[in-house]
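First up is the structure itself, then whatever we jot down about it.
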Amino acid sequence: MGAGKSTVGPEVAERVGRPFIDLDRDLEQDLGTTIPEFFEQRGEAEFRLQEERHAIAALRLPDPAVIALGGGAVQTSSIRGELRDRAFTVLLEVDPDTAWQRSAGGDRPLARDESEFRTLYERRRELYDEIADAHVYDADDIVLAAAGVHVHAGALELLGSLVPGQGEAALVCDPHVGGIHGAAAQVALGSRLVSVHEVPQGEAGKAATVAERLWSELRLDRGGTIVAVGGGSTTDVAGFVAATYLRGVTWVPVPTTLVGQAVGGKTAIDLPQGKNLVGAFHWPVRAVVDPATLETLAKDQYAEGMAEVVKTGLLAGEPYWELPGPELVRRCAAFKAAVCLRDPYDEGERVMLNLGHTFAHALEAAAEYEGVTHGRAVGLGLLAALRLSGRETGVVHDVLAPKPVRVDRERAWTALQRDKKARAGELRLVLLAEDGPVLEPRPEADVRAALDELIAK
Ligand SMILES: NC(=O)c1ccc[n+]([C@@H]2O[C@H](COP(=O)([O-])OP(=O)(O)OC[C@H]3O[C@@H](n4cnc5c(N)ncnc54)[C@H](O)[C@@H]3O)[C@@H](O)[C@H]2O)c1
Ligand SMILES: [Zn+2]
């Protein structure tokens, strides 16, 4: 009671693209009376029976929904059983003082006397803890919990308890990250850890030869879990191996870069013909994000990640780049997780995450992936995307200050025209409209002019 379920519930439903069911409101409609009146006339026991019928019907609906349960529903054991079997249950935390302030003076039958209210809070607490799959404070927390993304400073030390199940674990790291965070991961995994595998640092790790070596080194059975600690390169190759080894085993990325800490369930390796050309969608059983691991990241690596943070903030319409580290990580990860939950196989709106990337990839390709980092290219790409959207570019200059790159104009233009989002000769770009991102065609001449502006004279 008073935790904010009716406010946060619809917000979460919208963000994950599911319907919202407010059981108390539904129940009132069905009963043709308000809950306080029903309590008054028929008593709590009768109310709980009605509630049970409704809650179980809602939990058994064939299509998943976000459901707000009444505060007392967990007292009914059949509802608890149903939650255990069919639902991912989050407890929206609220302290008793706030809950009382919000509930007092209303018409809630069980919120009339403060000391009774507090006793009830204590009594229910145990049941809540028993059934909650996650404890959350806001909509972002709920989205992250639903996506299996655990964001928490110090999470690396708890890795053992955060890797679901009891099966064996194999750890994948590059030598650099392994040297810094590997020992903590090994200690945390304890006796479940059966092997440690090294992959080359950076993009070199995303090679078919590396995947092949991992396939042959691994000794996990189908119940095993691959745990990957490192940047996006390490988690990409380890995730791909997890998607393919024994036709797929579970995996847990522990991303240690700002880029990687927004988890999306895509895995990939590179081919000589291009980046990310082979891969699989393989959502991790859990992602463990420890913002504290970012502290050992080189400054330029952190700057790389800030380009993606600015991108995400622009998409969300919120200045995420102004937030302190851990909160920035949490908000960005939640934004991306929601987009990925709505479009898990990248068939629709997930394309928005490419804001600025059509230009960025063209610049990187023109530089043959040497001397132009992805972060700098994305900074420039965001400038172009904002200009073509008719928007201010101030924030990109202030936060990223991307300098024009020295690359061949023709090559950049040729690369841009090969963009995956091109359809029937028309260039479609992710742009930022007033109320959010859109995929729109733009005349070639305008696109070329915007690209030229990013290239040093
Ligand atoms: N699958 C996806 O959804 C997704 C999303 C974004 C990027 N990616 C991929 O990720 C790759 C880029 O990943 P990245 O930017 O994380 O870099 P990276 O994985 O290439 O790592 C860069 C360097 O940082 C080091 N490093 C990583 N974490 C560290 C830490 N905490 N402390 C000190 N050093 C650390 C690594 O050893 C490495 O040398 C690209 O291949 C990209 O395609 C994949
Ligand atoms: Zn990017």
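One-based numbering, in listed order, for ligands and for the atoms of each.
- When heavy-atom distances to ligand 1 are checked against a 4.0 Å cut-off, H181 comes that close only through its side chain, counted from C-beta outward.
- Distance CZ/F240 to NE2/H282: 11.0 Å, rounded to 0.5 Å.
- Residue contacts with ligand 1 for E295 are absent, since no atom lies close enough (heavy atoms, distance under 4.0 Å).
- Residue contacts with ligand 1: A298 is placed with no nitrogen or oxygen under 3.5 Å of a nitrogen or oxygen of the ligand (distance criterion only).
- A salt bridge does not link R428 to E440: none of the charged nitrogens lies less than 4.0 Å from a carboxylate oxygen.
- One option in C173, G265, S233 has a heavy atom closer to atom 11 (C) of ligand 1 than any other, and that option is S233.
- Evaluated by nearest non-hydrogen atom to atom 6 (C) of ligand 1, the leading choice among V259, T256, L258 is V259.
- Of the options Q301, H176, H374, the smallest heavy-atom separation from atom 24 (O) of ligand 1 is shown by Q301.
- For atom 1 (N) of ligand 1, the nearest non-hydrogen atom from the set V263, D236, D174 comes from D236.
- The option from G232, G178, A204, A262 that lies nearest to atom 10 (O) of ligand 1, judged by heavy atoms, is G232.
- For the pair T267 and ligand 1, the shortest N or O to N or O distance does not fall below 3.5 Å.
- Protein heavy atom nearest atom 39 (O) of ligand 1, with residue, atom name and distance: Q201 NE2, 2.7 Å.
- The protein heavy-atom contact nearest to atom 26 (N) of ligand 1 is V177 CG2, 3.5 Å.
- Looking at atom 33 (C) of ligand 1, its nearest protein heavy atom turns out to be T296 O, 3.0 Å.
- Closest to atom 29 (C) of ligand 1, if we only count protein heavy atoms, is L297 CD1, 3.2 Å.
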Passes side chain to side chain contact (heavy atoms under 4.5 Å, CB included), V310 versus Y320? Steps please.
CA-CA 7 Å; V310 171; Y320 290 160; over 6 Å; no
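- Salt bridge D138/R330: present, at least one basic N to carboxylate O contact under 4.0 Å.
- Protein N/O/S atoms found under 2.8 Å from the Zn ion (ligand 2): E308 OE2, H357 NE2, H374 NE2.
- For atom 16 (O) of ligand 1, the closest non-hydrogen atom on the protein side is T257 OG1, 2.5 Å.
- The existence of a salt bridge linking R15 and D140 is confirmed by a sub-4.0 Å separation between a basic side-chain nitrogen and an acidic carboxylate oxygen.
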Show your working on side-chain hydrogen bond (donor to acceptor under 3.5 Å, both in side chains) between H374 and E364 and close with a plain yes or no.
CA-CA 7 Å; H374 182 64; E364 288 175 274; 2.9 Å; yes
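- Looking at I180 against ligand 1, only its side chain comes within 4.0 Å, counting heavy atoms.
- Looking at K206 against ligand 1, only its side chain comes within 4.0 Å, counting heavy atoms.
- In this structure, K336 counts as a contact residue of ligand 1, since one of its heavy atoms falls inside 4.0 Å of the ligand.
- Side-chain contact between E308 and L258 is absent, with no heavy-atom pair separated by less than 4.5 Å.
- Checked for salt-bridge contact, R125 and E130 miss the test: no charged N lies under 4.0 Å from a carboxylate O.
- With values rounded to the nearest 0.5 angstrom, Y302 atom OH is found 6.0 Å from M306 atom CE.
- Using a cut-off of 4.0 Å between Lys/Arg side-chain N and Asp/Glu carboxylate O, E444 and R448 are scored as not salt-bridged.
- Between G264 and W283, the shortest heavy-atom distance links the atoms O-CZ3, 3.3 Å.
- With respect to R411 and E368, a salt bridge is recorded, a charged nitrogen being found less than 4.0 Å from a carboxylate O.
- Proximity of K275 to ligand 1, defined as any heavy-atom pair under 4.0 Å, is confined to the side chain (atoms from C-beta onward).
- The side-chain hydrogen bond (donor to acceptor under 3.5 Å, both in side chains) analysis of residues 229-248, with sequence neighbours excluded, yields the pairs K206-D236, W215-T244.
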